[in-house]
Amino acid sequence: MIARPPARFFLADAVHRFRAPFTPTLISLLVLAGATIAIFATTGIALATQQATLDRINSPQGRLITVADTEGDAGFSSESVEVIAGLSGVDWVFAVGPALDASAKAIPGGQTVPARLYYGRLPPVLTVATATDAMAPGMALAGPGVAATLGLKDGLGTVEAPGRSGTVVGRFTPGAPLNELGADVLIAPQGEGRILTLWVEVQDVSQLAVVESGVRASVIAAHPGALHVDTSIELTQLSADITAELAKSATLTVSALLAAVFVLVGAVEYARVASTTRDIGRRRALGATRSAIVLGVLATAGLSALVGTLIGVMVGAIVTFVSAGTAPRWVFCVGIVILMVIAALAGAVAPALRASRLDPVAILRVP
Amino acid sequence: MRLSVSNLGHLYHKGSAPVFRCLDYAFEPGSLTAVTGPSGCGKSTLLYVLALMLTPWEGSVDWNGVNVHNLTDGERAHLRAKHVGFVFQDAVLDLSRTAEDNVVEAAWLAGLRPEVARPRARELMERFGVGDMSAHRPGEVSGGQAQRIALCRALVKNPDILFADEPSGNLDVSSAQIVWEALAACAAQGATVIVATHDDVRAAGAAQHLRLEP
C-alpha cells in the first residue's frame with residue numbers, strides 16, 4: 001500500500017513554515033497586505049463612492065419622471081395617467097390638477113388652502129391616515145396641519161372650492177418627491193379632468209430612459225409640445241460613463257497589483273526555497289514525493305497570502321470607510337481575498353516546482 | 001527484504017571516472033552488512049543508490065526480485081517513505097523543529113497517524129537516552145545526541161531496510177556503541193541493515209562484509 005502523509009501534516013507543516021523562517025513570511029505578509037490596502041485605497045474607495053452615487057441616483061428622486069404643464073395651456077388630460085400606468089417598468093403614477101382656493105364649508109369666509117383633484121392611485125410616498133378603505137369620488141385628504149388651518153373639527157369635514165367640493169376623510173403626509181403637496185387638500189375626482197403635473201416613479205433607474213420615451217409617447221394632451229418632461233436621465237448617463245471609466249481604471253489597477261503580487265511572492269518563495277534546500281532535501285530523502293514538496297511550498301505561500309490579504313482587507317476597509325464614508329461591499333472584499341491568494345499561489349508555482357526538482361543527494365552529501 | 005545488485009555501476013557525470021562498477025552482491029534480510037573501503041571508493045554513493053535516492057548509471061537494484069529503478073520517482077519515494085530508514089553521517093535534522101518533531105516527521109511521511117507516531121517516537125527516544133531532549137531543538141543537543149535522534153527517526157517507521165552512512169564517525173565511544181547496538185538489534189529483528197563505515201573492527205563483526213575498492 002502506498003504511504004501518503006495525512007492532510008493535516010501539510011497544514012501543520014505550512015503553519016510551521018509560516019513561523020520559521022519568518023523573514024520570507026514577513027516579506028510576503030507585507031507584500032500582500034500592502035497590495036490589498038493599495039487596491040482598497042484606489043479601487044475600493046472609487047467603487048464605494050460610485051456605489052454611494054448610484055444609491056443616490058437610484059433613490060425615489062432619481063427614479064422620477066415629472067411631466068408638467070408649466071404654462072397651463074397644454075390641455076394635459078388625466079387620461080394619460082391610466083395609459084402611463086400600463087407601461088412596463090413603471091412603479092406608480094400620480095397626477096394633480098390646478099390648485100383651487102378651498103375653505104371649510106362650515107366656516108364661511110374662513111382660511112383658504114390650495115385644493116387639487118388627484119388622479120391615479122395614491123402612491124406609497126404619501127402616508128395616508130383615514131378610516132376609509134378606499135377613496136371614493138368627492139372624498140378628500142388634507143396635508144399635515146391643513147385641517148387645523150381650515151378649522152375642521154377632528155380633522156374631518158367638507159371643504160368647498162369654486163365649482164368643487166370634497167369631504168375630508170383623513171390626512172396624508174407626503175414624502176419625497178411629493179413634498180410640495182404638503183399644504184394641499186387632495187380631492188378624489190369624479191371622471192376625467194385637466195392635470196398640471198404628473199409624476200412617474202420608475203422601478204429601477206436603469207429603466208429610466210426607456211420609460212421616459214414611453215411616457216413622452218403616451219401623454220394625452222391637446223398640445224404635447226407645451227409639456228415639460230423632467231428626469232435625472234442625464235445624471236444617470238453621466239454615472240454610467242463614470243462607472244465605465246472607473247471599471248477600466250479599476251481593472252488596470254487591480255491587474256497591475258496582482259501582477260506585482262505574482263512576481264514578488266514568486267521572488268519571496270524562491271528565497272524561502274533557497275534558504276531551506278537542506279530541509280527539502282532531507283524530506284525528499286525521507287520519502288516525500290515531488291508533489292508533496294510542491295504542495296508544501298504552495299501551502300506555506302497560500303497561508304502567508306491569506307493572512308497578509310486578510311490584514312490588508314481589514315486595514316483597507318477602515319481606509320475606505322474613513323475616506324469614502326462607506327464600507328466596501330463584502331463581495332468586493334471576498335473577491336480581493338480570492339484574487340490575491342490565487343495570484344500568490346500562481347507566483348509560488350515556479351519556486352515549488354524548483355523545490356521538487358532539488359537533488360537530495362547533492363544537498364545532503366557530506367564531502 | 002532481500003536486496004541484490006547486479007552489474008551495478010555509477011558515475012556522477014558523463015565522461016567522469018566511475019565511482020564503482022560491475023558490482024554484484026546480495027544483502028540478506030536479518031543481517032548487518034558492513035560496506036567498507038577507502039575514501040572515495042563509493043560507499044555513500046552505493047547507499048544512496050540502494051536507498052533509491054540515486055539512479056545507477058548501469059546495472060540493476062532488486063528489492064525482493066523487483067528492479068526498483070524501473071519504478072517512477074513517486075513510487076520510489078513511497079518505497080523510501082514506507083520501507084527505508086536512513087541514518088546520515090551528520091544526522092541532518094531540521095534545525096527549526098524539536099527533536100521529537102524531527103522523529104515524527106519521518107513517521108508522518110510513511111503515512112502513520114500522529115497518535116501512533118508520537119508515542120512510538122517518545123518510546124524510541126527514551127530507549128536511546130534522548131527522551132529528555134524531546135522538546136529541544138537540534139542546536140541545543142550534542143553531536144552524539146543528534147545522531148541518536150537521527151537513529152530514532154530512521155527506526156520510527158519500523159523499516160524493512162536500514163541504511164547508515166558512517167553513523168559513528170563523529171561520535172564518542174559510548175554514543176558509537178549505542179548506535180551500533182541499535183543497528184545490530186534492528187538486523188536481529190529481520191531488517192536488512194547496510195552500514196558504510198571506516199571502522200574495520202566493527203566491520204569485522206558484521207554478518208556480511210562488502211569491501212569496495214577504488
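In what follows, chains are A, B, ... by sequence order, proteins preceding strands, each numbered from 1.
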Is any side-chain N of the basic residue among [X] and [Y] closer than 4.0 Å to the acidic one's carboxylate O?
X        : Y        : value
B:Asp101 : B:Arg118 : yes
A:Arg63  : A:Asp204 : no
A:Glu245 : A:Lys248 : yes
A:Arg17  : A:Asp279 : yes

Practice item. Between chain B and each of A:Ser291, A:Gly281, A:Ala288, count heavy-atom pairs under 4.5 Å; write down the option with the most. Key: A:Ala288
Structural part of [X] lying under 4.5 Å from a heavy atom of chain A:
X       : value
B:Val84 : neither
B:Phe86 : neither
B:Leu93 : backbone
B:Ser96 : both

Check your understanding: How would you list, in number order, the residues of residues 153-164 of chain B that have a heavy atom less than 4.5 Å from chain A?
Key -> B:Arg153, B:Lys157
Revision key, fill the gap. Taking a cut-off of under 4.5 angstrom between non-hydrogen atoms, the residues of residues 49-64 of chain B near chain A are B:Met53, B:Leu54
Point to revise | Least distance between heavy atoms, A:Ala285 atom then A:Leu364 atom | key: CB-CD1, 3.7 Å
Review point. Where is the tightest heavy-atom contact between B:Ala81 and B:Ala110, given as atom of each residue plus distance?
Key: O-CB, 3.2 Å
Exercise for review: Would you check if A:Ile45 and A:Phe40 make a side-chain contact, meaning some heavy-atom pair closer than 4.5 Å?
Suggested key: no
Exercise for review: Measure distances from A:Arg284 to the heavy atoms of chain B and classify the residue's part below 4.5 Å as side chain, backbone, both or neither.
Suggested key: both
With no hydrogens and no angle check, do the side chains of [X] and [Y] hold a donor and an acceptor under 3.5 Å apart?
X        : Y        : value
B:Thr45  : B:Tyr12  : yes
B:Thr197 : B:Asp199 : no
A:Arg272 : A:Ser28  : no

Check your understanding: chain A: which of B:Glu166, B:Glu105, B:Arg97, B:Arg76 shares the most heavy-atom pairs with it under 4.5 Å?
Key -> B:Arg97
Study note, to complete from the structure: Most heavy-atom pairs under 4.5 Å with chain A, out of B:Ala107, B:Ala106, B:Ala77, B:Gly40, belong to B:Ala77
